[in-house]
2 protein chains.
Amino acid sequence: MDLFHALSDEDGRLSGLDRRLAQLALEDVDFVVNSSIGELAERAGVSPPTVTRFCRRLGCKGYPDFKVQLARLTYVGLRYVKPEVPTETADEVAEDIIAKAQNALFQLHRQLDFAALDTAARLLRGADFIQAFGASGNSAMIVNELHNRLFRLGCRVNASNDHNMNAMISAAALPGTVVFGSSFTGRDPALVHCLGLLRKRAIPTIVVTQSGSPVATAADVVISVDLPEGKNIFRPTSTRYAYLAVIDMLANLVAYTDRAKALKTLRSIKEELVSRRDGDDRQLLGD
Amino acid sequence: MDLFHALSDEDGRLSGLDRRLAQLALEDVDFVVNSSIGELAERAGVSPPTVTRFCRRLGCKGYPDFKVQLARLTYVGLRYVKPEVPTETADEVAEDIIAKAQNALFQLHRQLDFAALDTAARLLRGADFIQAFGASGNSAMIVNELHNRLFRLGCRVNASNDHNMNAMISAAALPGTVVFGSSFTGRDPALVHCLGLLRKRAIPTIVVTQSGSPVATAADVVISVDLPEGKNIFRPTSTRYAYLAVIDMLANLVAYTDRAKALKTLRSIKEELVSRRDGDDRQLLGD
DNA sequence: GAAATTATGAAAAAATATTTCTCCTCCGCT
DNA sequence: AGCGGAGGAGAAATATTTTTTCATAATTTC
């Protein structure tokens, strides 16, 4: 997975011919993956040994290993390198949306702070009451999902997407409350205001947002998600997939911290649903 | 992806040693991908030429090509073969959720009916009023997202997740209305009932659901999504990512069918948001 | 501006993969 | 049962690919 990082050479450690090779690899994975070292060397205008050394510097065992690692990346990792393909037909749009969504997930995985995730999950499980604050549009979906996921695990949780309401809730929050906030931009002044109120009153806060943003600064636990936004304004933002994944991770981890409790609640829900349905108990919990 | 099909040997075309090799490849991709032909041959107890022949029969150019193709599969395609890896720590959970989500998207892409998608988008764009019917939990998120996506494009749309309400709306629907429904299981009797009402009254209906299900049968346009459910009840269903992607595709296509209209509405929203924010107009439309 | 370090390629060596050829086994047929 | 053919499998030979070695050139460092 680090091969991608090494290839994109963000810290400029590659020099001369290596950079040329890296660029070629990113531009035309298919060619590289299907070529022998000689063919690649020729196309890049270097000698085979240079290619081998390049692979080693990137952390691979040799050229075949490099090919294999590159092939692994291709499926998702490299798609976003191609800037923006204009789409038109249904299959192009589908391809585009799937690729962007998978990329968002891929990128999220690369930048995730597992420790923060863990801390957040523990905080949530330990809370007497969880308040989830969203805003218009995207974050609303996220906090509603958090609600939907956590109530099933036996958590006391409320989701709210109204700024005034959020401020009142913040002012009224009792000890034992944990507040969760979501802001895609990290620049939601109303949420920052709430977080300020809560900090004064020592109510722990968790946010999913852009790192370094005002929202991030104002919160106790930050799960940062920094994704590039595409240029196609007609395509809904793929960042939502990453945020949704964060919610799933938190829900999953919260469930794990007290499996017995989670299981008990889930089972109650299931009984309720199955008794009202056709008895097929392999179905999802909540259509 | 056809390599995967060939390897899983659903039609039993592989024989003897080939089957052994296929099984080994599926079981331990990492080993295969990192071994020379000799090492693999030894571990499988066959000779190198047998391995080469095996690769050829699978449609690869040779052993190195086989390795590369197998590596390509690993990232997404093969993960779901491993039944359920038990997860525990934050990084395991993260990995698991990302993998399952990417898989859901991958699978969706493979089974998508682009024509249905296209028909649905045209219907939505042509509608005077769109009613989006969900249910508890998962579908609620989906139809709320549809609302959130479509109102931005200038569509008249209402999302409703209450069964009684949905029935009333169905009974009251005027010509020009288009109804969109989402059901993960396809066995939501209340939704089926609504679709029946609507069919009688010649109101067009679009659903996203399991193919062949009662909901699918009762609707005019079916975008079918058939995904296997994992066994880990503590992990929120990854099918949501696929449904969300369907919404994004529909929204994107609806926008494309009348770009001017979409652009105009999006621009109005943006002006409203930017004027109330810090003036950074590169931000998302709706935090 | 000289010494040391690093980068590069040609050629040789090693590793790896494929082809060829032969043997063996399993079938179907007499 | 025995014969003949098809197909599968491996040993050895061959071909290909990759890596190492070594000599040279470029670059950096002091």
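If you're wondering where the values come from, they're calculated on a predicted model, not measured in any experiment. Lettering follows sequence order; numbering is per chain, from 1.
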**Prompt:** Would you say B:Val32 and B:Tyr63 make side-chain contact, with heavy atoms under 4.5 Å?
**Reply:** yes
**Asked** Over how many whole Å does the gap from B:Phe54 atom CZ to C:dT18 atom P extend?
**Response** 13 Å
**Message:** So B:Asn232 and B:Thr87, do their side chains get closer than 4.5 Å, heavy atoms only?
**Reply:** yes
What's touching nucleotides 7-11 of chain D from the protein side, N or O pairs under 3.5 Å?
| from | atom 1 | to | atom 2 | distance (Å) |
| --- | --- | --- | --- | --- |
| D:dG10 | OP2 | B:Ser47 | N | 3.1 |
| D:dG10 | OP2 | B:Ser47 | OG | 2.9 |
| D:dG10 | OP2 | B:Thr50 | OG1 | 2.6 |
| D:dG10 | N7 | B:Arg53 | NH2 | 2.9 |
| D:dG10 | O6 | B:Arg53 | NH1 | 3.3 |

**Item:** Integer-rounded Å distance: C:dA15 C1' and B:Leu40 CG
**Value:** 16 Å
**Asked** Whole Å only: how far is the CZ atom of A:Phe66 from the C1' atom of D:dT19?
**Response** 16 Å
**Message:** Check the phosphate of C:dA7 against A:Arg56, side-chain N and O only, distance under 4.0 Å to OP1 or OP2. Yes or no?
**Reply:** no
**Asked** Testing A:Thr119, A:Val207, A:Leu117 for side chain to side chain contact (heavy atoms under 4.5 Å, CB included) with A:Ile223, which one passes?
**Response** A:Leu117
**Prompt:** Are A:Arg235 and A:Glu95 ion-paired here, with the side-chain N under 4.0 Å from a carboxylate O?
**Reply:** no
Report each atom pair, protein N/O against N/O of nucleotides 25-27 of chain C, whose distance is under 3.5 angstrom.
none

**Asked** Which whole-number value in Å describes the distance from B:Lys61 NZ to D:dT16 P?
**Response** 15 Å
**Prompt:** Whole-Å distance between C:dT8 C1' and A:Ile37 CD1?
**Reply:** 14 Å
**Message:** In whole Å, I'd like the distance from the NZ atom of B:Lys67 to the C1' atom of D:dT18.
**Reply:** 12 Å
**Message:** Between P on D:dT17 and CG on A:Asn34, what's the gap in Å once rounded to a whole number?
**Reply:** 13 Å
**Asked** So do B:Leu108 and B:Met249 actually touch side chain to side chain, heavy atoms under 4.5 Å?
**Response** yes
**Request:** Check the distance between D:dT16's P and A:Tyr63's OH and give it to me in whole angstrom.
**Result:** 17 Å
**Asked** Strictly by modelled atom types, are A:Ser139 and A:Tyr243 linked by a side-chain donor-acceptor pair under 3.5 Å?
**Response** no
**Item:** B:Ile233 and A:Leu263, any side-chain heavy atoms less than 4.5 Å apart
**Value:** yes
**Prompt:** Under the salt bridge (Lys or Arg N to Asp or Glu O under 4.0 Å) criterion, do A:Arg240 and B:Asp248 qualify, and how do the steps go?
**Reply:** CA-CA 11 Å; A:Arg240 284 141 68 234; B:Asp248 285 3; 2.8 Å; yes
**Asked** Does B:Arg56 make a cation-pi contact with B:Phe54, if we ask for NZ or CZ under 6.0 Å from the ring centre and within 45° of the axis?
**Response** no
